[in-house]
Amino acid sequence: MLRGCYVLRFPERKRRFRCYGRVDILDLRTKVKAMVYLLLVSLIAAAPSQGAAQSIKAEFGSMARWWVGNARQEGWHVDSVDAWVFERTMEEFGVYLDHKFGERKRDKIFAHIETPYDLSNALDKVTGRRFGAIFFDFYFWLDAQSASTQGWLTYESEHFRFSYHPASAAEIDIRLIAAVAEQGFTDITNILEPDSTRQARFSRILHHDGVCLNYTGGKIPVRLYSNRGEFAGAEQASGGQTGFRPVWHQDSVGYDLWIDLIYPGPAGLFGLPHEIAHALALVYLSNEELLGELLAPAKPVPRNLLREAVLTDDILRLEGWAYMVQYNHTAYVRLDMWNSSSEIMARMDKVYGFPDAYNLLTGETPQTFAERVADELGLSRVLGSGETTRFLFASADLIRFLHETYGAPKLAEFLTNRKPPIDAVFDVYDLTPYALEEKWKSDVLDQ
């Protein structure tokens, strides 16, 4: 979420369907897999009482590595960071399944899984709910167990400076968090394609240490909180918030920038690229020439003028951009645990019809479009009304379509065009709402 103050904080893989029939006991490969699975389950059941929780989590992690190995043997490319995310998620998710459904049902779910891509279908087959529908319950379950501790530790990666509590989930996962952040940084930079001049702006990132502003050495500060009780300002769907304040510092424009993120466990990784998308758009896309003209005289700058030099303030482009990244460029989506934005749109079209592009571009959201789908995906509780959910999903997929169809330069121009979205689409893409809707709809349904 991008919130505003002055401080400006503003609010290739084809899908695979697997059929499960009777197991041929003469199929050696299947028999070996079944034996390994039963061995793992028996080890979990036999874990000693002392340190049992960690032992159980370790066994779930072993199963996750086995499933990743199967996927690679079948020819799927599984990125090493995505594999790490999956393993760590399953360590906690297996325990959650025991809590939510019991060990017997959890065993039934796992029996249907051979690769990470089978997880959602296995959940749906046994519980009637896919991973996306369960995810936020899982997240809040982790949050309820994550206690706050005192003090702060620090860890730095190439582009980020992390602060986190000792004895927290973030301390356990800090190297994984950094790997996901750097992966997101690379993905988002590749989407926006900034030139070297815009990339050089990171040398002027600043952060307030409680006394004064200091340069961060080109690193974005990220503070990781243990739970929502500790930081109440985070957006529900991303678990975070991005803060930004352009300033005049040492005779140049400086970017006072930071990210706050709730991290109760590996589920917190899903929202991290969302907030990084906000942060990188603020740095790469700000009108630095105009910012210099406004800030250099060292006089108070009206908020509306400062906002105009940064990014547009409509939700379609601000949040649609970040949700596009979250729902298309994260490990859960790449591993088919979560539907991409175009898959969500295609599913909603079957039940409710395709969104009216004119209504979307003007901010109107008829009520009947997405309630059932939002409930199925577990987002009604998180994102609020069905209108809000539909608007955000549609905005995210519209941004995806514009980027994939017309490229990065035009996307950057669209995201920064000062006119309302309906006029910006015409200015940048020479499309009326009807023409846009037809092209977008064909793209979604053809996929």
Side-chain angles (χ1 to χ4, degrees), residues 12-16 33 36-37 40 54 57-95 110 113-122 131-132 135 138-139 142 155-162 164 169-192 219-220 222 224 238-239 259 261 263-277 279-280 325-340:
E12 125 184 356
R13 185 183 64 75
K14 293 183 179 178
R15 295 204 55 168
R16 187 175 55 152
K33 286 183 178 181
V36 173
Y37 173 76
L40 289 171
Q54 290 304 316
K57 290 178 183 180
E59 296 301 336
F60 289 138
S62 295
M63 295 176 74
R65 289 194 296 275
W66 178 42
W67 294 332
V68 169
N70 287 343
R72 287 171 170 161
Q73 286 183 355
E74 290 184 8
W76 298 109
H77 171 73
V78 183
D79 178 270
S80 60
V81 176
D82 289 354
W84 193 359
V85 171
F86 181 69
E87 178 185 339
R88 183 69 184 97
T89 298
M90 290 308 300
E91 287 179 357
E92 301 291 349
F93 192 61
V95 179
F110 284 1
I113 301 174
E114 291 185 14
T115 74
Y117 306 105
D118 301 322
L119 176 61
S120 271
N121 285 337
F131 182 77
F135 172 81
F138 170 48
Y139 180 101
L142 289 173
Y155 181 85
E156 294 191 5
S157 62
E158 182 178 0
H159 297 104
F160 299 91
R161 177 182 294 168
F162 301 94
Y164 56 94
E171 182 178 23
I172 295 171
D173 292 339
I174 191 59
R175 286 173 175 78
L176 173 58
I177 295 167
V180 171
E182 292 295 344
Q183 181 190 55
F185 185 98
T186 299
D187 290 346
I188 296 160
T189 298
N190 289 340
I191 293 169
L192 292 176
K219 301 178 191 292
I220 300 173
V222 181
L224 301 164
S238 72
I259 292 172
L261 189 77
Y263 192 84
L269 296 168
F270 185 52
L272 182 56
H274 179 113
E275 299 305 330
I276 295 172
L280 298 196
V325 171
Q326 185 175 5
Y327 284 85
N328 293 285
H329 299 279
T330 49
Y332 292 162
V333 177
R334 287 188 290 264
L335 294 174
D336 209 21
M337 297 163 67
W338 200 292
N339 288 332
S340 68

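No experiment lies behind these values; they were computed from the predicted model shown.
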Legend entry - Note, Met90 side chain near Leu119 side chain (heavy atom, < 4.5 Å): yes
Inset, instruction - May I ask you to decide if the ring planes of Phe138 and Phe135 are parallel, tilted or perpendicular, using 30° and 60° as cut-offs? - result: perpendicular
Inset, instruction - For residues Gly271 and Gln326, report the shortest heavy-atom separation together with the two atoms involved. - result: CA-NE2, 3.9 Å
Inset, instruction - Could you tell me which non-hydrogen atom of Leu335 sits nearest to which non-hydrogen atom of Asp82, and how far apart they are? - result: CD1-O, 3.8 Å
Inset, instruction - Any chance you could measure Asn339, atom CG, to Asn328, atom CG, to the nearest 0.5 Å? - result: 10.5 Å
Inset, instruction - Quick one: closest heavy-atom pair of Val325 and Pro273, and the distance? - result: CG1-O, 3.8 Å
Inset, instruction - Nearest 0.5 Å please: distance from the OH atom of Tyr263 over to the CG atom of Leu142. - result: 9.0 Å
Legend entry - From Tyr327, Phe131, Trp338, residue fulfilling ring pair (Phe, Tyr, Trp, His ring centres under 6.0 Å) relative to Tyr332: Phe131
Inset, instruction - Quick one: closest heavy-atom pair of Phe60 and Val95, and the distance? - result: CE1-N, 3.5 Å
Legend entry - Over all atoms of both residues, closest heavy-atom pair of Arg72 and Ala83: NH2-CB, 3.9 Å
Legend entry - Shortest non-hydrogen contact between Leu224 and Ile174, atoms and distance: CD1-CD1, 3.9 Å
Legend entry - Point-to-point distance, once rounded to the nearest 0.5 Å, from NZ of Lys219 to CZ of Phe162: 9.5 Å
Legend entry - Thr115 backbone acceptor or donor facing Asp118 side chain under 3.5 Å: yes
Legend entry - Salt bridge present between Asp173 and Arg88 (N-O < 4.0 angstrom): yes
Inset, instruction - With rounding to the nearest 0.5 Å, note down the distance linking CZ in Phe185 to CD1 in Ile220. - result: 6.0 Å
Inset, instruction - Using modelled atom types only, decide if a donor and an acceptor are shared between the side chain of Glu182 and the backbone of His159 within a distance under 3.5 Å. - result: yes
Inset, instruction - Side-chain contact test, heavy atoms from C-beta onward, threshold under 4.5 Å: evaluate it for Phe86 versus Val78 and give yes or no. - result: no
Inset, instruction - With the side chain counted from C-beta on, respond yes when Val222 and Glu275 share a heavy-atom pair under 4.5 Å apart, and no when they do not. - result: no
Legend entry - Side-chain touch Pro116/Val68, heavy atoms, less than 4.5 angstrom: yes
Inset, instruction - Look at the rings of Phe110 and Trp67 and say which category their plane angle falls in: under 30° parallel, 30 to 60° tilted, over 60° perpendicular. - result: perpendicular
Inset, instruction - Mind checking the NE2-OG spacing from His329 to Ser340? Nearest 0.5 Å is all I need. - result: 9.5 Å
Legend entry - Distance (rounded to the nearest 0.5 Å) between Leu269 CG and Leu176 CG: 5.0 Å
